[in-house]
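Whatever order the structure lists them in is the order used to number ligands and atoms, beginning at 1. Values in this document were obtained by computation on a predicted structure and should not be read as measured data.
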Amino acid sequence: MASTRQIDQQRPAETTELSLASGENKEGPASLNQVPPLSGYNLFLSDTTLSQAIVREGAGWAREQISEFGRLLGTDEVQRWGFDANENKPVLHTHDRYGNRRDEVIFHPSWHSLMRMSVENRLHNLPWEANKSGAHVARAALMMLAAQNEAGHTCPISMTFSAVAALRVDPALAHEWEPKIFSASYDPRFVPSQEKAGVLLGMGMTEKQGGSDVRANITRAERIGNSREYLITGHKWFCSAPMCDAFLILAQTGNGLSCFLLPRWTPAGNKNKFHLQRLKDKLGNRSNASSEVEFAQAWAQLVGEEGRGIQTIIEMVNHTRLDCSIAAAGLMRQALVQAMHHASHRKAFGKLLMDQPLMRNVLADLALESEAATLLMVRVAKSFDVRNTNDQERAFCRIVTAIAKYWLCKRSPAAVGEALECLGGNGYVEESMMPRLYREAPLYSIWEGSGNVICLDVLRALAKEPATVDALLNELKSVAGKGQRLDNYVLALQDRLASKSNGGVAEYSARELTEKLALALQASLMVRYSSSHAAEAFIGSRLAGQHGHAFGTLPAGVNVAGILETAGMAQ
Ligand SMILES: Cc1cc2nc3c(=O)[nH]c(=O)nc-3n(C[C@H](O)[C@H](O)[C@H](O)COP(=O)(O)OP(=O)(O)OC[C@H]3O[C@@H](n4cnc5c(N)ncnc54)[C@H](O)[C@@H]3O)c2cc1C
């Protein structure tokens, strides 16, 4: 079990020699009471909750790879890639010097380094390619670690991974594309996919008139003869990672909204009529390009059946929702690690921040949030691993994907914001990484179904798929008798679900219900897998009302030292 003391021991000697916390200063006054850089540590080994979870949930076979990945992410070099890729935003070239369409985005070399690292570690295909028990959990751990260093590049990684689920609706297309998706070679060249060692896929659903309500899409698809080939005319208002090799998009046919695979190059080797209009100037996620695109009779192939576009692409969306939860948990963990590191080295009023009782309350509260987030995220990933062989897990997966997506993405901006404040003014400065984490955090709640839309999806599942109610209650009851407060909370939820699944839930209350379901699930996971003092503190603060509205309002009597120890903090 690694602690932050161990993290510090792993750092290069010249860094650890700077005993800045004691006020000694080898580098002149500028370094007085400043915190040494947090690098040269292993993001995985220092995360007790994640390390234990992957072994428990059947991904122990990947431990060595995940550990090496965690080590790599903690190096100066890879940390630098994250900064450089965000400080040097991608640049769109719509035309060449002669006025011909070019439709190409140029990235900083650090973006490609990040992409290569993640592709070589199979973050974009592991569960499909390895086809091994526990592979979703293993990949979730890798994704959570990658997001902690640089989350922007995980967008095309996630879409490629997720697209396989939708492509498999169409075995012929899956057969054609999977070999190159399953490659561990990152090939960023803008050439036809036939010439490439490996490919990446994106997704285009959102149009100007709406993203949540994709039925309002106006992009049209005209069939070419009797083939499964179509010409697409229209636009997408958000199309991320436009240098992907192909996109799953939605367009209207005579039979309704349908799903298509639209490559950047046609089979004849010509550039497809996929015209990049401009790149979005975004709050965060700056390393990644998100574009507006127009299709001028672009060539595409039907995926699945005409009129079943939403049913086809929803398989992809469910996987990207899983990834939103993973990234949210990753951002919370990294923010916590940065805050704990700072507090362990920075002094105020004659004492380390880590030794100040109120700061300990804040950090322990953030640690509880992070631990519960990691446990829930891993539980969702596990349900993806086992859902094909277990009906109850399939139903559980259906509902918990949405619940976790809503709640973890909702908690992450608040937790990251609070962690940022632990660094004081330094947390507001780009070099600390905290502003980047903070800007990234709200994104996961917006895409792949914004908060309200996800909560309405939870209601829909509860009302129309009664097996989801049973699966949820079975999961929650697995800890029945382990504590009165959680038992009472679950009983109250059970009563609500009994009436709601029959009568339909008021949309007005969807957030409140989803939040309670998420908290009950997190509490049950804490009871099963965390220390008893952490589980008690979580239940007391989150379920039993012993908490204020901000972090740092844990009640007296909580075992703060124990919680911080698990989070990786030496006492
Ligand atoms: C950086 C970035 C990258 C993106 N990349 C892609 C991409 O690659 N591909 C892609 O297809 N899309 C992409 N998107 C778009 C994203 O998925 C949409 O923005 C999102 O789905 C919301 O759609 P919208 O923006 O049209 O908002 P709207 O649909 O207009 O929704 C606005 C708000 O209303 C709420 N709302 C909607 N319906 C209801 C209701 N019935 N009841 C209550 N509240 C409701 C929503 O929850 C939301 O908060 C990206 C977005 C961003 C920010």
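Of the candidates Asn452, Val293, Ile454, the one placing a heavy atom closest to atom 45 (C) of ligand 1 is Asn452.
Checked for salt-bridge contact, Arg80 and Glu87 meet the test: a charged N lies under 4.0 Å from a carboxylate O. A salt bridge does not link Glu315 with Arg308: none of the charged nitrogens is closer than 4.0 Å to a carboxylate oxygen. Between Lys382 and Asp385, none of the side-chain N atoms (NZ, or NE/NH1/NH2) sits under 4.0 Å from a carboxylate O, so this pair counts as no salt bridge. Under 4.0 Å is where a charged nitrogen must lie from a carboxylate oxygen, and between Lys180 and Asp187 no such pair does. Using a cutoff of 4.0 Å between basic side-chain nitrogens and carboxylate oxygens, Glu104 and Lys271 are not scored as salt-bridged. A salt bridge does not link Glu440 to Arg436: none of the charged nitrogens lies less than 4.0 Å from a carboxylate oxygen.
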Report the C-alpha separation of Glu515 and Lys410 in whole Å, then their side-chain angles, then the decisive distance to 0.1 Å, and conclude whether the salt bridge (charged side-chain N to carboxylate O under 4.0 Å, His left out) test is met.
CA-CA 10 Å; Glu515 174 176 324; Lys410 206 40 85 187; over 6 Å; no
side-chain contact (heavy atoms from CB on, under 4.5 Å) between Gln209 and Ile218, worked out:
CA-CA 9 Å; Gln209 67 283 358; Ile218 54 171; 3.6 Å; yes
Before giving the answer on salt bridge (charged side-chain N to carboxylate O under 4.0 Å, His left out), spell out for Asp103 and Lys273 the whole-Å C-alpha distance, their side-chain angles and the decisive distance to 0.1 Å.
CA-CA 9 Å; Asp103 299 307; Lys273 294 188 172 134; over 6 Å; no
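Glu448 and Tyr444 are not linked by any side-chain donor-acceptor pair at a separation below 3.5 angstrom, with hydrogens and angles left out of the test. Checking Asp323 against Ser158 by side-chain atom types alone, a donor-acceptor pair falls below 3.5 Å. Between the side chains of Asn452 and Arg511, at least one donor N or O sits under 3.5 Å from an acceptor N or O. Residues Lys280 and Asn288 have side chains that never bring a donor and an acceptor to within less than 3.5 angstrom of each other. A donor-acceptor contact closer than 3.5 angstrom is absent between the side chains of Glu292 and Gln277.
Among all protein heavy atoms, the one lying closest to atom 36 (N) of ligand 1 is Val453 CG2, 4.1 Å. Ile446 O, 3.6 Å is the protein heavy atom nearest to atom 20 (C) of ligand 1. When only non-hydrogen protein atoms are considered, atom 16 (C) of ligand 1 lies nearest to Thr206 OG1, 3.7 Å. Regarding atom 31 (O) of ligand 1, its nearest protein heavy-atom neighbour is Ser212 OG, 3.5 Å. The protein heavy atom nearest to atom 9 (N) of ligand 1 is Met203 O, 3.0 Å. Atom 46 (C) of ligand 1 has Ser450 CB, 3.7 Å as its closest protein atom, hydrogens excluded (heavy atom only).
The shortest N or O to N or O distance between Gly211 and ligand 1 is under 3.5 Å. Checked by distance only, ligand 1 and Trp447 stay at 3.5 Å or farther apart across all their nitrogen or oxygen atoms. In terms of polar-atom proximity, defined here as any N/O pair under 3.5 Å, Gly451 makes no such contact with ligand 1. Geometrically, ligand 1 and Phe238 share a nitrogen or oxygen pair separated by less than 3.5 Å. Ligand 1 has an N or O atom lying under 3.5 Å from an N or O atom of Ser240, backbone or side chain. Taking only nitrogen or oxygen atoms, main chain and side chain alike, Glu207 does not reach within less than 3.5 Å of ligand 1. Residue-to-ligand polar distances keep Gly210 apart from ligand 1: every N/O pair is separated by 3.5 Å or more. Residue-to-ligand polar distances keep Asn285 apart from ligand 1: every N/O pair is separated by 3.5 Å or more.
Of the inter-residue distances, the one linking Arg139 atom CZ with Met144 atom CE reads 14.0 Å to the nearest 0.5 angstrom.
Looking at Asn288 against ligand 1, nothing comes within 4.0 Å, counting heavy atoms. For Lys282, every heavy-atom contact with ligand 1 shorter than 4.0 Å involves the side chain, none the backbone. Neither the backbone nor the side chain of Ala241 has a heavy atom within less than 4.0 Å of ligand 1. If you look at Ser290 next to ligand 1, the close heavy atoms, those under 4.0 Å, all belong to the side chain.
Within the listing of ligand 1, atoms 10 (C), 11 (O) sit less than 4.0 angstrom from a heavy atom of Met205. Atom numbering of ligand 1 starts at 1 in the shown order; those under 4.0 Å from a heavy atom of Leu443 are 1 (C), 2 (C), 52 (C), 53 (C). Of all the atoms in ligand 1, the ones that sit under 4.0 Å from a non-hydrogen atom of Gly204 are 11 (O). Per-residue contacts place Leu456 under 4.0 angstrom from the following atoms of ligand 1 (heavy atoms of the residue considered): 40 (C), 41 (N), 42 (N).
Protein heavy atoms are absent from the space less than 4.0 angstrom from atom 25 (O) of ligand 1. Taking a distance limit of 4.0 Å, we find that atom 5 (N) of ligand 1 is approached by some protein heavy atom. There is a protein heavy atom closer than 4.0 angstrom to atom 28 (P) of ligand 1. Distance check on atom 33 (C) of ligand 1: every protein heavy atom falls at or beyond the 4.0 Å cut-off.
A perpendicular orientation is assigned to the rings of His319 and Phe384, their planes being inclined by more than 60° (bins at 30° and 60°).
The closest approach between any non-hydrogen atom of Gly202 and ligand 1 is not below 4.0 Å.
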